[in-house]
Amino acid sequence: MAPRQSLFPLATVLAAVLGAAPAAAQSPAADEETPAADDRAPAPAAPPEQPAAPSDQPAAKQAAPVASATPPAPAAAKPAAPAPAPGGKPAAGAPAAPPVWVAHTPAVGAWVERPIFPEERPPPYDAGNADALRLGLHGYFRAPLRMSWKPREETKEDESGFDLRTPWLVDDDYLRSGFVYTPVNEPDYTELYFQAGNQYLTGTVALMGSLYSDPARPIIDRQLGIAQGYLTLRYEPGLPVKTRIQVKGGAFSDRFGWLEKYDTYIFGRTHQMGEQVRLEVDAGDFTFSALEGFGVHLEAIESNQGLSLLTTFGLAAAYGRYVELGLYHLHTWSQDKRQLKELTDASMRVVGADLRADGRFLGRLYLATSVLTADAATFLAPSIEVMHALGGRGITENYLGTEKSKNGTGGLWNIGFQYDYSVATLLGALLPGQKPLGGGDITLGFFGAYAYVGSEQSDPDPLVNRDERKYFKHGFELGWWALPWLGTSLRYDRLVPDTEDEPSSFRILSPRLGLRTHWYADALIFVQWSHYFYGERVALRPGQVALETEPDKNVLKIQAQLAF
């Protein structure tokens, strides 16, 4: 069965539901691996779910914390606690630093609470003078020490018996690792958002980069510099039905369908210069929204990537901050032929839906599915980052195949899920006003992702074939915060890049011990050990490390990170 025949009906149905008419027309590379032309660091993820707003919309009201003993490296905003009183102590009545990473803004609408990214937070403003200009700075950084060790096969009399080095891994490169990427041993990264504005209008300039040059060496491809600059206008027309309008313009990025535990996007993170309009309406316990956007990603002619246009469209409905359903449609295409170049018309479309549910003491669930269809996607500029692949070229290299895929023609069907449970939330509902865990928490999370590939690259050789290939990964994380500032956790990951080829799969077991604070920002220092259990055919990517094929099995990690 042709791959696109199996994927296209679902794509057509979702596109019809969305009313979408056909268009008219990050992370550092591994050691010794040549950086890609548009290599960029991973999009930082926000922290585990806690009172926070959906992407580009106000947050829901504060709810009982859903804790995680091992907060991800992502960039989130401040904790949801009362503002500190003068002198650096918590304000009167403020709880002790909760054992969770949190981020939220004042409750608006019926949206289910979730993490919020730093670029979504407006700068502080004077409630008594809404027109007054204020400055703000939000962002995130992580700085890990990562080290592996391996016995030497041959040693001289005056040599040690072990090699100590930066890890050689298959899962730590955000873009090149593809589906098997995990944030377990991710490298360093920084995002800073400088903001100026008031209650109604905010200007934002973003700086991004990876590979700190002081303990390493300067590599210009890792320093993204001034990456974004845009304006955000917020307006409430004062209609009988509560209505909010947000208009954004400039160079900005949107995140759709973020899967926290794998730090990836089921629908896509956009990279564009353009505009976006979002409309929200509250009707009793319901909130409805519609989003429209249009932009472009500039061409890279030397890499045979043409100017790529991008349209985004979304619909969402939420009830009582308990359940929320979203529909998405992203379409990018290029019609930028040039003389003496291989450029040709190309397109890529992503359609899908997600469900977010907050059962309070029953836990929180996120479920998302999408269908991606591509035609000659290699010639697209990277306007969409989806499933650990940057643009059409990333989709081609990581999924569709580079040998016989007709320049990236085919499709993906993606599914992602995450379920988080907090014992403290349950006990808080059963024993209100008490702290049976002493302010700590016990948490459990389950997560996974699946991708089915339909490609023109069909071959009897399993190493070459990409058609009807099925990818699957899943895991769990058990955490215990004995104190609000001291916690430990155990994370397990299983990664299967081909369900019909067991020797290509592997497992990771990662215990962690961490210290954190919440008084002014989410700060965490932790030590972690990871052990990899490899199948017999797991190997480093060609050219990743010269003359080496075997990845490391043990990694020590000491990481400091801050979200503010």
Side-chain angles (χ1 to χ4, degrees), residues 27-28 41-42 44-50 65-79 96-103 115 139-149 166-167 169 171-172 174 181-191 210 212 215 260-263 418 420 422 424 437-445 447 475-493 508-532 552 554-564:
S27 65
E49 294 198 341
Q50 167 79 8
V66 174
S68 171
T70 50
K78 298 181 178 180
V100 290
W101 281 51
V102 296
Y140 164 81
F141 79 82
R142 61 172 180 259
L145 178 159
R146 304 185 306 152
M147 184 175 67
S148 288
W149 60 94
T166 299
L169 301 173
D171 69 314
D172 68 334
Y174 187 81
Y181 172 85
T182 72
V184 172
N185 284 299
E186 59 196 350
D188 61 278
Y189 183 67
T190 300
E191 271 189 4
S210 62
Y212 295 117
E260 174 194 322
K261 293 299 183 181
Y262 295 121
D263 188 15
Q418 180 171 325
D420 295 296
S422 165
L437 296 178
D441 198 2
I442 299 174
T443 64
L444 179 62
F447 43 88
F476 71 84
E477 185 171 28
L478 176 64
W480 174 41
W481 281 97
L483 299 170
W485 51 270
L486 175 65
T488 185
S489 71
L490 177 67
R491 173 167 172 155
Y492 168 82
D493 289 271
I508 314 172
L509 195 62
S510 304
R512 174 186 291 187
L513 178 66
L515 301 173
R516 65 154 27 119
T517 67
H518 287 276
W519 291 286
Y520 293 107
D522 290 327
L524 175 68
I525 299 177
F526 66 84
V527 58
Q528 172 184 288
W529 170 64
S530 297
H531 182 73
Y532 289 71
D552 288 323
N554 295 286
V555 179
L556 172 67
K557 183 177 183 180
I558 302 174
Q559 179 164 310
Q561 63 188 52
L562 178 69
F564 57 95

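Remember, it's a predicted structure, so these values are computed and weren't measured experimentally. Position 1 is the first residue of the sequence; numbering continues from there.
- Of all the heavy atoms in G440 and A424, the pair that sits closest is O-CB, 3.8 Å.
- For the pair L478/T443, no side-chain contact is recorded, criterion being any heavy-atom separation below 4.5 Å from C-beta on.
- Without hydrogens or angle criteria, D172 side chain to P183 main chain gives no donor-acceptor distance under 3.5 Å.
- Between the side chains of Y492 and S510, no donor N or O sits under 3.5 Å from an acceptor N or O.
- Here the straight-line distance linking atom CD1 of I442 with atom OG of S489 works out to 13.0 Å at 0.5 Å rounding.
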Going through the checks in order, is the side-chain contact (heavy atoms from CB on, under 4.5 Å) test met by L509 and L490?
-> CA-CA 7 Å; L509 195 62; L490 177 67; 3.9 Å; yes

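- Counting heavy atoms from C-beta on, the side chains of E191 and F141 never come closer than 4.5 Å.
- The two residues Q559 and P144 come nearest to each other via the heavy atoms OE1-CB, 3.3 Å.
- Shortest non-hydrogen contact noted between G445 and D420 is CA-OD1, 3.9 Å.
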side-chain contact (heavy atoms from CB on, under 4.5 Å) between L562 and D522: does it pass, once the steps are laid out?
-> CA-CA 6 Å; L562 178 69; D522 290 327; 5.8 Å; no

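- I558 contributes atom CD1, which lies 11.0 Å from atom CG of L513 (distance to the nearest 0.5 angstrom).
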Would F476 and R491 count as a side-chain contact (heavy atoms from CB on, under 4.5 Å) if you check the C-alpha gap in whole Å, the side-chain angles of each, and the deciding distance to 0.1 Å?
-> CA-CA 6 Å; F476 71 84; R491 173 167 172 155; over 6 Å; no

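- Residue I525 qualifies as open at atom CD1: its count of foreign heavy atoms under 6.0 Å is 12 or below.
- A donor-acceptor distance shorter than 3.5 angstrom exists from the side chain of R146 to the backbone of N185, with no hydrogens or angles considered.
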Trace of the side-chain contact (heavy atoms from CB on, under 4.5 Å) decision for T517 with L524 | CA-CA 7 Å; T517 67; L524 175 68; over 6 Å; no

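- Here the CG-CG distance, from L483 to L515, works out to 10.0 Å after rounding to the nearest 0.5 Å.
- The two residues V555 and W149 come nearest to each other via the heavy atoms C-CZ3, 4.2 Å.
- Put simply, the side chain of K261 never gets that close to the backbone of T182: no donor and acceptor are under 3.5 Å apart.
- The backbone N or O of D263 sits less than 3.5 Å from a side-chain atom of Y174, completing a donor-acceptor pair.
- Residue N554 holds its CG atom at 6.0 Å from CH2 of W529, rounded to the nearest 0.5 Å.
- Counting only distance, with no hydrogens or angles, the side chain of D188 and the backbone of R142 share no donor-acceptor pair below 3.5 Å.
- Checking Q528 against R512 by side-chain atom types alone, a donor-acceptor pair falls below 3.5 Å.
- Residues D493 and V184 form a side-chain contact, since some pair of their non-hydrogen atoms from C-beta on lies under 4.5 Å apart.
- Rounding to the nearest 0.5 Å places OG of S422 at 10.5 Å from CG of L444.
- Under the 4.5 Å side-chain criterion, counting only non-hydrogen atoms from C-beta, W481 is not in contact with T488.
- A centroid separation of less than 6.0 Å is found between the aromatic rings of F447 and Y262.
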